[in-house]
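Note on naming: letters A, B, ... go to the chains in the order of the sequence lines (proteins, then strands), and numbering restarts at 1 for each one.
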Amino acid sequence: MPLVGAAELSAMPEGSRVRLHGMVQRIRRLGWGAFVVLRRHDGLVQCVLESGRTPEALEKLREEQAVALEGTLAPAVIKDVSINPRDRELKVESVEFLCTPTEPVQVDLTKKILDLHTDTNLDLRPLSLRHPVERARLRIAEAIAGGFRDFLSSRGFTEIHTPKICFAGAEGGANIFKVQYFDREAFLAQSPQFYKQMAVAFYERVFEVGPVFRAEPHQTSRHINEYTSLDFEMGFIESHEDVMAMEIHLLRQVIETLSAKRGYELDLLGAKLPPPPDSIPSVTLDEAHEIASSASGRDFTGEPDLEPEEERLVCRHSAELWGSDFVFVTHFPTSKRPFYTMDDPAAPGKTRSFDLLFRGLEVTTGSQRINEYEAQVEKMRAFGLDPASFESYLMAHRAGLPPHGGLAIGLERLTARILDIENVRLATMFPRDAKRLTP
RNA sequence: GGUCCGGUAGUUCAAUUUGGUUAGAGCACCGCCCUGUCACGGCGGAAGUUGCGGGUUCGAGUCCCGUCCGGACCGCCA
């Protein structure tokens, strides 16, 4: 029998014979038999075993067994929101045991909440991800990435895959992982930045969903050392505002995708999606400092960057006064942005750059890039960098690049804020941080 | 890199303040009961080198020293 999803099960008539395989999420034994919740690819199905019909199977049944259940579909009214579908159950007539665990699972997967410390949860990730809540979170991340792909593909962007083992880093000052590459030293990519820019000359619009690596020894709830970057780069723009406008449309579609395709997971997680934005308020960094200062009484004015505290204050201001969970901050100073960022001719010392803040956290960084060769070389020198060590990158500039810009979204951060998850590690399947290399 | 906090059954916690009988409880696990449950219910059982090492004491989960592991915040950074 072909794999049927939860929606298809709902649509099947009463009495349909089906064979469902899955893993035993939980067993509720009662005197007459048991309710068995079967974990499947896209939901949990309630199954009914009667001791009069399958006594031996009932005896052998354990949590986390892989089984194939055969029986008939019956209508049901199920209150439990973790079950999907909730209007059908399987009256089981036969059970095939495919695999039985050799020891009881170390964590309690049967309860509504997986009551574990973050650290224990991550140590036991192969087990904790079997809990409906944990796996639902990652299905949201998956759908965000899917919405990102679908939207950009429909707007003429080409999906690319750039190398993660590189000769040099893109971000200069930030720490970078070194790896042994045969008889040479190489680095793990901090960003697909250089390759995206080169690709603008031959594809005009490109995007990539892929891992990036940061060797910074942070120990915070919003940093991990390997994360998934949603990157795009587009040619023939007039300024960074074209990039911001594209992101607004992108976010709109991502949110619509989530609400259309992940209703079950969002319900289960109690997530509140932001309304799909038509527009997003935008303030300059100086204005953001003023907002944060007047909201807190502290003086942030003149700081070159936003503190985490300010990100929260500016977001609160945006939500309360402008009704938006999103807010752009633009015009970061030249010194705080990478060397490929274009300066704003209208604002000396400032760049055509932006961050997107969402529910108190920075989730995107973007800008217009320098596309003229001479200007790029000049800024490298001003940053104390040797243009000779960027030869293959500058090859593209010498051969001519259209005006262009782009952005990068941190997938785990966006997911965490949408789902109100405290720690980005829990929006990651197998996070890597300064202390964690396994599982 | 700095400051602070923590480590007790598989797991989440209690007992540490004031050292004192056999370190308790919920969930999971094992056994029994329950004819429609709603991440059930009832009864019983098993489960611990209190991170590790040393010290003080008649007596240490509790106090002291060392060590290992982890967490939070700050710095720095998307």
Side-chain angles (χ1 to χ4, degrees), chain A residues 25-37 39 44 46-53 59 62-64 74-83 86 89 91 101 103-124 127-128 131-133 169-176 190-191 193 211-231 268 304-309 311 332 336-338 353-357 361-367 407-414 422-425 433-436:
Chain A
Q25 184 77 48
R26 47 180 181 263
I27 305 166
R28 198 155 39 245
R29 293 176 194 274
L30 296 121
W32 51 268
F35 291 101
V36 176
V37 175
R39 183 171 71 245
L44 270 60
Q46 174 165 289
C47 306
V48 181
L49 270 74
E50 290 177 24
S51 45
R53 193 195 283 267
E59 176 111 357
R62 296 287 180 279
E63 280 160 17
E64 292 309 310
V77 179
I78 299 168
K79 302 169 196 165
D80 181 345
V81 298
S82 74
I83 306 288
R86 284 159 65 192
E89 66 183 13
K91 300 277 196 192
E103 60 180 16
V105 176
Q106 282 180 64
V107 299
D108 187 357
L109 299 172
T110 71
K111 289 293 176 275
K112 189 168 190 169
I113 290 171
L114 187 61
D115 189 14
L116 293 179
H117 286 141
T118 299
D119 200 45
T120 309
N121 184 324
L122 297 178
D123 282 342
L124 303 178
L127 310 181
S128 62
H131 191 276
V133 165
E171 311 290 336
N175 293 325
I176 186 162
Q190 295 167 297
S191 138
Q193 186 61 34
V212 296
F213 305 89
R214 303 288 166 96
E216 292 139 3
H218 300 125
Q219 194 61 18
T220 79
S221 58
R222 63 183 187 282
H223 289 98
I224 42 184
N225 296 291
E226 174 177 356
Y227 68 90
T228 303
S229 186
L230 306 178
D231 269 271
L268 175 59
D305 209 344
L306 279 181
E307 285 183 24
E309 175 67 14
E311 292 177 2
F332 289 82
K336 290 300 287 184
R337 288 285 164 148
S353 61
F354 64 92
D355 280 359
L356 179 69
L357 309 183
L361 189 63
E362 175 190 332
V363 295
T364 297
T365 296
S367 70
L407 57 75
I409 300 171
L411 175 61
E412 295 82 359
R413 284 191 174 185
L414 181 57
E422 285 295 313
N423 193 316
V424 289
R425 288 168 181 74
D433 63 38
K435 298 279 177 66
R436 182 176 299 281

Interface polar pairs with nucleotides 73-76 of chain B, N/O, under 3.5 angstrom:
from	atom 1	to	atom 2	distance (Å)
B:C76	O2	A:H218	NE2	3.0

Counting side-chain heavy atoms from CB outward, which of [options] is closest to [X]?
| X | options | result |
| --- | --- | --- |
| A:L30 | B:U12, B:C34, B:A39 | B:C34 |
| A:T365 | B:A39, B:G70, B:A78 | B:A78 |
| A:K79 | B:U11, B:C38, B:A78 | B:C38 |
| A:S82 | B:C34, B:A39, B:U12 | B:A39 |
| A:K112 | B:A39, B:G70, B:U37 | B:A39 |
| A:R26 | B:A39, B:C29, B:U37 | B:A39 |

In whole angstrom, give me the gap between the [atom1] atoms of [N] and [M].
| N | M | atom1 | answer |
| --- | --- | --- | --- |
| B:G75 | B:C65 | P | 30 Å |
| B:U50 | B:G42 | P | 32 Å |
| B:C5 | B:G10 | C1' | 25 Å |
| B:G70 | B:C27 | P | 32 Å |
| B:G48 | B:A39 | P | 32 Å |
| B:A14 | B:G31 | C1' | 28 Å |
| B:G53 | B:U21 | C1' | 28 Å |
| B:C69 | B:A23 | C1' | 23 Å |

With sequence neighbours excluded, residues passing side-chain contact (heavy atoms from CB on, under 4.5 Å) with [X]:
| X | value |
| --- | --- |
| A:S229 | A:V212, A:Y227, A:D231, A:A408 |
| A:K336 | A:P304, A:D305, A:P333 |
| A:D119 | A:D123, A:R436 |
| A:S367 | A:T341, A:S353, A:R369 |

With a 4.0 Å cutoff (strictly under), does any side-chain N or O of [X] reach OP1 or OP2 of [N]?
| X | N | value |
| --- | --- | --- |
| A:H117 | B:U11 | no |
| A:H131 | B:A39 | no |
| A:N423 | B:A72 | yes |
| A:R62 | B:C30 | yes |

Return the nucleotide paired to [N]: Watson-Crick means purine N1 to pyrimidine N3 with N6-O4 or O6-N4, wobble means G-U with N1-O2 and O6-N3, both under 3.5 Å.
| N | result |
| --- | --- |
| B:G6 | B:C69 |
| B:A78 | none |
| B:U22 | none |
| B:A28 | none |

Considering residues at least two apart in sequence or located in another chain, which fulfil the salt bridge (Lys or Arg N to Asp or Glu O under 4.0 Å) criterion with [X]?
| X | value |
| --- | --- |
| A:R29 | none |
| A:R39 | A:E64 |
| A:D433 | A:R425 |
| A:E412 | none |

Measure from the side-chain N and O atoms of [X] to the backbone N and O of [Y], and report whether any donor-acceptor pair falls under 3.5 Å.
| X | Y | value |
| --- | --- | --- |
| A:R86 | A:I78 | yes |
| A:T364 | A:L356 | no |
| A:R214 | A:I224 | no |
| A:R26 | A:K111 | no |

Without decimals, in angstroms, what is the distance between [X] [atom1] and [N] [atom2]?
| X | N | atom1 | atom2 | value |
| --- | --- | --- | --- | --- |
| A:N121 | B:G71 | CG | C1' | 15 Å |
| A:L127 | B:A28 | CG | P | 17 Å |
| A:L116 | B:G70 | CG | C1' | 15 Å |
| A:D80 | B:C38 | CG | P | 10 Å |
| A:D123 | B:U12 | CG | C1' | 15 Å |
| A:F35 | B:G41 | CZ | P | 15 Å |
| A:Q46 | B:C38 | CD | P | 11 Å |
| A:D433 | B:A78 | CG | C1' | 16 Å |

With a non-hydrogen cut-off below 4.0 angstrom, is [X] in contact with a base, only sugar-phosphate, or nothing?
| X | answer |
| --- | --- |
| A:T364 | nothing |
| A:V424 | nothing |
| A:L268 | base |
| A:I224 | base |

Does the side chain of A:L361 reach to within under 4.5 Å of the side chain of A:E311, using non-hydrogen atoms?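 A:L361 vs A:E311: side chains touch.
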
Mind checking what makes ring-ring contact (aromatic ring centres under 6.0 Å, His included) contact with A:F35, not counting sequence neighbours?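 ring-ring contact (aromatic ring centres under 6.0 Å, His included) check on A:F35 returns A:W32.
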
Identify, between A:E63 and A:G410, the residue whose nearest nucleotide on RNA chain B lies closer to the 5' end.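 Result of the comparison: A:E63.
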
Please indicate yes or no: is the ring centre of A:W32 less than 5.5 Å from the centre of the six-membered base ring of B:U35, with the two planes inclined by under 30 degrees?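 It does not: the two rings, one from A:W32 and one from B:U35, miss the stacking criterion.
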
Please tabulate the protein-to-nucleotide N/O contacts below 3.5 Å involving nucleotides 4-10 of chain B, giving atom names and distances.
from	atom 1	to	atom 2	distance (Å)
B:G10	O2'	A:Q106	O	2.7

Between CD1 on residue A:I113 and CG on residue A:D108, distance to nearest 0.5 Å: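 A:I113 atom CD1 to A:D108 atom CG measures 11.5 Å (nearest 0.5 Å).
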
Regarding B:A78, can its base be found pairing with the side chain of A:R413 as donor and acceptor, where the two atoms are less than 3.5 Å apart?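 Such a pair exists between side chain and base.
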
Donor-acceptor pair (no angle test) under 3.5 Å: A:E50 side chain, B:U35 base: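 Under the 3.5 Å cut-off, the side chain and the base do not form any donor-acceptor pair.
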
Expected string for nucleotides 43-49 of chain B under the B/S/- scheme (protein heavy atoms, under 4.0 Å, primed atoms plus P, OP1, OP2 as sugar-phosphate) is -------

Does CD in A:E307 sit with more than 12 non-hydrogen atoms of other residues, nucleotides or ligands closer than 6.0 Å?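 It does: A:E307 CD has more than 12 such atoms within range.
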
